[in-house]
Each structure stands twice: as C-alpha cells, then as structure tokens.
Amino acid sequence: MECYLHIRQAAEKLYIHRNTLIYRLKKIKQDTGYDPQISQDAVSLRLAVWIYRTLR
C-alpha cells in the first residue's frame with residue numbers, strides 16, 4: 001500500500017526479489033480471493049489485517 005501498488009518499489013522496500021513478491025501476491029489472491037493489486041481489494045485486505053492485529 002505504501003508504494004501505491006508498484007511492484008518494483010515494494011520489492012525493494014521489502015528487500016526481496018520482484019518475482020518473489022509477484023509469487024506472494026498471487027498466493028494471497030489464491031488463498032483469499034482478493035487481488036492485492038486491485039486497489040479496492042488491497043484496502044479490504046489491509047483492513048482485515050488491521051482488525052486481526054487489533055483483536056489479537
């Protein structure tokens with residue numbers, strides 16, 4: 001989210017290869033049905049993570 005869905009910038013910030021990030025994004029989409037590369041889905045995922053961390 002901080003990199004406005006730019007793969008290269010996000011991978012650099014996470015210190016991982018861009019292909020690794022692409023794989024992880026596909027895995028998230030496969031497991032949740034939400035595509036983190038679509039802004040509306042990314043906001044929903046971010047909110048879900050925030051709620052999870054708050055309630056934990």
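Residues P36 and A42 share a closest heavy-atom pair of O-CB, 3.4 Å. What you find for C3 and K13 is that their closest heavy atoms are SG-CD, 4.1 Å. Minimum interatomic distance between A10 and L21 (heavy atoms only, all atoms of both residues): CB-CD2, 3.6 Å.
Linking Ile, Leu, Val, Met, Phe, Trp and Tyr residues whenever their side-chain heavy atoms come within less than 4.5 Å leaves Y23 and I7 in two separate clusters. By the criterion of side-chain heavy atoms lying less than 4.5 angstrom apart, applied directly or through intervening Ile, Leu, Val, Met, Phe, Trp or Tyr residues, L47 is grouped together with L55 in one hydrophobic cluster. Hydrophobic clustering, with ILVMFWY side chains joined whenever heavy atoms are under 4.5 angstrom apart, groups L14 together with L25.
Applying the salt bridge (charged side-chain N to carboxylate O under 4.0 Å, His left out) test to every pair with at least one member in residues 32-50, sequence neighbours left out, gives these pairs: K29-D35. Counting only residues at least two apart or in different chains, salt bridge (charged side-chain N to carboxylate O under 4.0 Å, His left out) contacts with residues 18-27 comprise K27-D31.
No donor-acceptor pair closer than 3.5 Å links the side chain of H6 to the backbone N or O of R8.
Taking Ile, Leu, Val, Met, Phe, Trp and Tyr as members and joining any whose side-chain heavy atoms lie under 4.5 Å apart, directly or through other members, the hydrophobic cluster of I28 also contains Y34, L45.
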